[in-house]
Amino acid sequence: MFFRKNLLVKRGASRRVTISNFAGGIDSVSGDDFVGTSTARLSYNVNGESGVLRENKGVRVFGLPLDGVETPVTAEGKKIKKVWYFRRFNSEANRTDDRILFLSYDNHLYGVSTSGGKVEKITETAFCEEPKAVNYRLKGKDVMIFCSAADDMKVYDGNTLTVAENAPKVDCACLHYDRLFVTTLNDKNTIMFSDDLDPTGWEVGPDEAGYITMTDERGAIVGIISFLNYLYVFREYGISRLTAYGAQESFNLNHLFLTTGKIVKDTVRVCGETVIFLTEQGLFQFDGSNAKKILSNLDGLFEGCDNGHATAAYVNGRYYLACNLNFDDGFKTQNERNGCVNNAVVEIDLFNGGVRLMRGLDVVSLAGINGDGINELLLCSGENQPGSVYIGRLAEGGKFFDKNSLKVWVCPTTDLNNTVGRKQLIDVTLTTKENLTMVVKVDGVEHFYDVTGQERGQRVAINLYGEDFGVTFFADTEKLWLSRPQFTYKEYDR
């Protein structure tokens, strides 16, 4: 909690240490003696970037106008597991007609205009499994192409859903220079690409569709992205770059990056001028040529976690990662007790490097929406969660749907710069505008103090003796406002 300082202090004299701000983020790796006072060992559902500890964003039900009334978007009351944004121009009406498309847990597809109106059920027959979706302009029409490893490729133009004949059954998909590049479950070392200017054309030929097979040590393909005029192929243990524009005989493949930690499949996202992804070794950033490890201070939270179902999105300069974290605090939120796929969302601000964690959600799908009248993050909840019949949207306020999020900030344990002496923690002075609970841990024993919110500062008497101290602040109120806790203590010889 505190950096060591060799100060000449008379035994028994009062000393004070202040958490002057909460802007230091999280450090789950460094030893307690090397973590500054503004840094948490763990925190979630809070935001300390201003220096004051405040509530972080919450999640509310996503709604659109129906008959002039803001109405939740639902799939006939069924649970929803996937959401996409369909960017569409209606040439007949000469206007933008963007859609929100979403998939129920029984694999039926639904859609609604972003301007509002009635939700439409698009599929008569359900998909066999959750498909991938790619937005494309085909033959003068904006379409959404749906493909999976078990279904025929389908094309939706906003009015009808048609089948693309002879298309492969797809595992990964990406549009690049008017070709669709895909992998299949049957051959995860091969990229197939469609005919030029026609992502539904798959007849193999020197001037038509084709394929490229990769058999080196980087392993199976887990993702394909179009970035900085190149096609980047993310594989289990590395990244390859494909120059792929124009005639296929000019295609060229280069291998760039090799890692010992497996890349997590659905976490690779283009974030403006960079790419962020998760591996078994933690988070990485890629600039088109080199990959580097980032946010190593979070590595302790990823340790021992199964993130096979992690997923990510980018919107408004922020990378969002729904994943599993090892909170290692002996506590389970309600969604964790229900049984969840992902127990946390990590938010990374690419402008200032800030990181915030959300806990108390089970997010299985994320979509960054940046279009006509909508600019936000949408999400779907796990099947076991009460919010799964709705699409969620990231919003201001400390609630997850209609329930207050639990807000937690945990300070590392400290010996108060004295490794051998006995100390008395006399009191804590602080300003909190909302009710909260302060937990003071002394030599491993927890002591709880309920603090009532008020506008002015207040003193909480402690009077506990010990050698090692820690403090946790938590609140289940909608709002949080905590500033400058100051700890008064004395040192004594043994």
- Message: My understanding is that only residues two or more places apart in sequence, or in another chain, count here; which of them pass side chain to side chain contact (heavy atoms under 4.5 Å, CB included) with V233?
- Response: I191, M214, I221, R235, S240
- Sorted by chain and residue number, the salt bridge (Lys or Arg N to Asp or Glu O under 4.0 Å) partners of D328 (sequence neighbours excluded) come out as none
- Residue E120 excluded, over 12 heavy atoms near CD under 6.0 Å: yes
- Do you know the tightest heavy-atom contact between R54 and L480? NE-O, 3.0 Å
- Task: Apply the test salt bridge (charged side-chain N to carboxylate O under 4.0 Å, His left out) to residues E280 and K262: give CA-CA distance (whole Å), side-chain angles for both, the deciding distance (0.1 Å), then the verdict.
- Result: CA-CA 5 Å; E280 292 175 333; K262 187 178 290 187; 5.1 Å; no
- Note, V451 side chain near F473 side chain (heavy atom, < 4.5 Å): no
- What do you reckon, is CD of E273 surrounded by more than 12 foreign heavy atoms closer than 6.0 Å? no
- Heavy atoms from other residues, nucleotides or ligands near CG of N352 exceed 12 (cutoff 6.0 Å): yes
- Can you tell me if D415 uses its side chain to pair, donor with acceptor, with the backbone of D468 under 3.5 Å? no
- Can you list the steps and then say if F400 with N335 is a side-chain contact (heavy atoms from CB on, under 4.5 Å)? CA-CA 11 Å; F400 293 153; N335 69 297; over 6 Å; no
- Aromatic Y314 / basic R269 pairing, under 6.0 angstrom, 45° off normal: no
- Query: Given K479, which of E396, E55, E434 fulfils the salt bridge (Lys or Arg N to Asp or Glu O under 4.0 Å) condition?
  - Reply: E55
- Task: Looking only at non-hydrogen atoms, find the nearest pair between V315 and I369 and report the distance.
- Result: CG2-O, 3.8 Å
- Query: With no hydrogens and no angle check, is any side-chain donor or acceptor of T267 less than 3.5 Å from a backbone partner on L278?
  - Reply: yes
- Test item: Y232 side-chain N/O and G288 main-chain N/O as donor-acceptor pair under 3.5 Å: yes
- Between D98 and R88, what is the shortest heavy-atom contact and its length? OD1-N, 2.9 Å
- Query: Counting N and O atoms only, with roles assigned by atom type, does the side chain of S43 sit under 3.5 Å from a partner on the main chain of W409, one being a donor and the other an acceptor?
  - Reply: no
- Name all residues meeting the side chain to side chain contact (heavy atoms under 4.5 Å, CB included) criterion together with K332; count only those two or more places apart in sequence or in a different chain, and write none if there are none. E336, R337
- Message: Looking only at the aromatic ring of each residue, does the gap between the centers of F286 and F257 stay below 6.0 angstrom?
- Response: no
- Query: Is there a donor-acceptor pair under 3.5 Å between the side chain of S20 and the backbone N or O of T18?
  - Reply: no
- Task: Would you check if V83 and F62 make a side-chain contact, meaning some heavy-atom pair closer than 4.5 Å?
- Result: no
- Message: Run the side chain to side chain contact (heavy atoms under 4.5 Å, CB included) test against N21 and tell me which residues pass, sequence neighbours left out.
- Response: A23, S38
- Query: When rounded to the nearest 0.5 angstrom, what distance separates CG in N297 from CG in L283?
  - Reply: 10.0 Å
- Query: Donor-acceptor pair, Q486 side chain versus T429 backbone, under 3.5 Å?
  - Reply: no
- Exceeds 12 heavy-atom contacts within 6.0 angstrom, atom CG of D67: no
- Item | Audit row: N343, T333, side-chain contact (heavy atoms from CB on, under 4.5 Å) steps and yes/no | CA-CA 9 Å; N343 69 357; T333 63; over 6 Å; no
- Test side-chain hydrogen bond (donor to acceptor under 3.5 Å, both in side chains) applied to N435 and D450, step by step: CA-CA 8 Å; N435 296 346; D450 292 327; over 6 Å; no
- Message: Can you classify the ring geometry of F127 versus F146 as parallel (below 30°), tilted (30 to 60°) or perpendicular (above 60°)?
- Response: tilted
- Query: Which of these passes side chain to side chain donor-acceptor pair (under 3.5 Å) with N107: E130, K81, E129?
  - Reply: K81
- CG of D266 to CG of N307, rounded to nearest 0.5 Å, is 12.0 Å
- Message: Strictly distance-based, threshold 3.5 Å: is any side-chain N or O of K423 a donor or acceptor partner for the main-chain N or O of E467?
- Response: yes
- Task: Not counting sequence neighbours, which residues clear side-chain hydrogen bond (donor to acceptor under 3.5 Å, both in side chains) with Q281? List them please.
- Result: T259, T260
- Query: What's the shortest heavy-atom distance between C271 and L350, and which atoms?
  - Reply: CB-CD2, 3.5 Å
- Task: State, without any angle test, whether S115 and S113 hold a side-chain donor-acceptor pair at a distance under 3.5 Å.
- Result: yes
- State, yes or no, whether a side-chain contact exists between V364 and T311 at a heavy-atom distance under 4.5 Å. no
- Message: Quick check on K441: does its NZ atom have over 12 non-hydrogen neighbours (other residues, nucleotides or ligands) under 6.0 Å away?
- Response: no
- Donor-acceptor contact present, side-chain T123 to main-chain L109, <3.5 Å: yes
- Could you label the plane-to-plane angle of the Y44 and F327 rings as parallel, tilted or perpendicular, counting under 30° as parallel and over 60° as perpendicular? perpendicular
- Message: Could you check, using the six-membered ring where one of them is a Trp, whether Y156 and W84 have ring centers closer than 6.0 angstrom?
- Response: no
- Message: Could you check whether any side-chain heavy atom of V389 comes within less than 4.5 Å of a side-chain heavy atom of T74, counting everything from C-beta outward?
- Response: no
- Query: Taking the side chain from D306 and the backbone from G308, do they hold a donor-acceptor pair closer than 3.5 Å?
  - Reply: yes
- Around K403, counting heavy atoms of other residues, nucleotides and ligands shown, do more than 12 lie under 6.0 Å from its NZ? no
- Item | Exercise: identify the closest heavy-atom pair between R87 and N135 | N-OD1, 2.8 Å
- Query: Looking only at side chains, do K407 and S405 share a donor and an acceptor under 3.5 Å apart?
  - Reply: yes
- Message: Please determine whether side-chain contact (heavy atoms from CB on, under 4.5 Å) holds for the pair F487 and V440, giving the CA-CA distance in whole Å, both sets of side-chain angles, and the decisive distance to 0.1 Å.
- Response: CA-CA 11 Å; F487 303 83; V440 177; 5.9 Å; no
- Task: Look only at the side chain of N326 and the backbone of C305, and say whether a donor-acceptor pair between them is shorter than 3.5 Å.
- Result: no
- Message: Can you confirm whether V442 sits close enough to L425 that some side-chain heavy atom of one is under 4.5 Å from a side-chain heavy atom of the other?
- Response: no
- Item | side-chain contact (heavy atoms from CB on, under 4.5 Å) assessment of E76 paired with H108 | CA-CA 11 Å; E76 301 176 308; H108 274 286; over 6 Å; no
- What is the minimum heavy-atom distance between Y320 and L366, and which atoms define it? O-CD1, 3.7 Å
- Message: Taking side chain to side chain contact (heavy atoms under 4.5 Å, CB included) as the definition, give me every residue that meets it alongside S381, ordered by chain and number, with sequence neighbours left out.
- Response: L379, Q385, S388, F401
- Query: Would D171 and K265 pass as an ion pair if we require N to O under 4.0 Å?
  - Reply: yes
- Check whether any side-chain heavy atom of T437 lies under 4.5 Å from a side-chain heavy atom of Y449, and answer yes or no. no
- Message: What's the separation between atom CE in M438 and atom OG1 in T432, rounded to the nearest 0.5 Å?
- Response: 10.5 Å
- Is the OH atom of Y390 crowded by more than 12 outside heavy atoms at less than 6.0 Å? no
- Message: Please tell me whether F469 and Y489 form a close aromatic pair, meaning their ring centres lie under 6.0 Å apart.
- Response: no
- Just checking, is any N or O donor in the side chain of N47 or K57 under 3.5 Å from an acceptor N or O on the other one? no
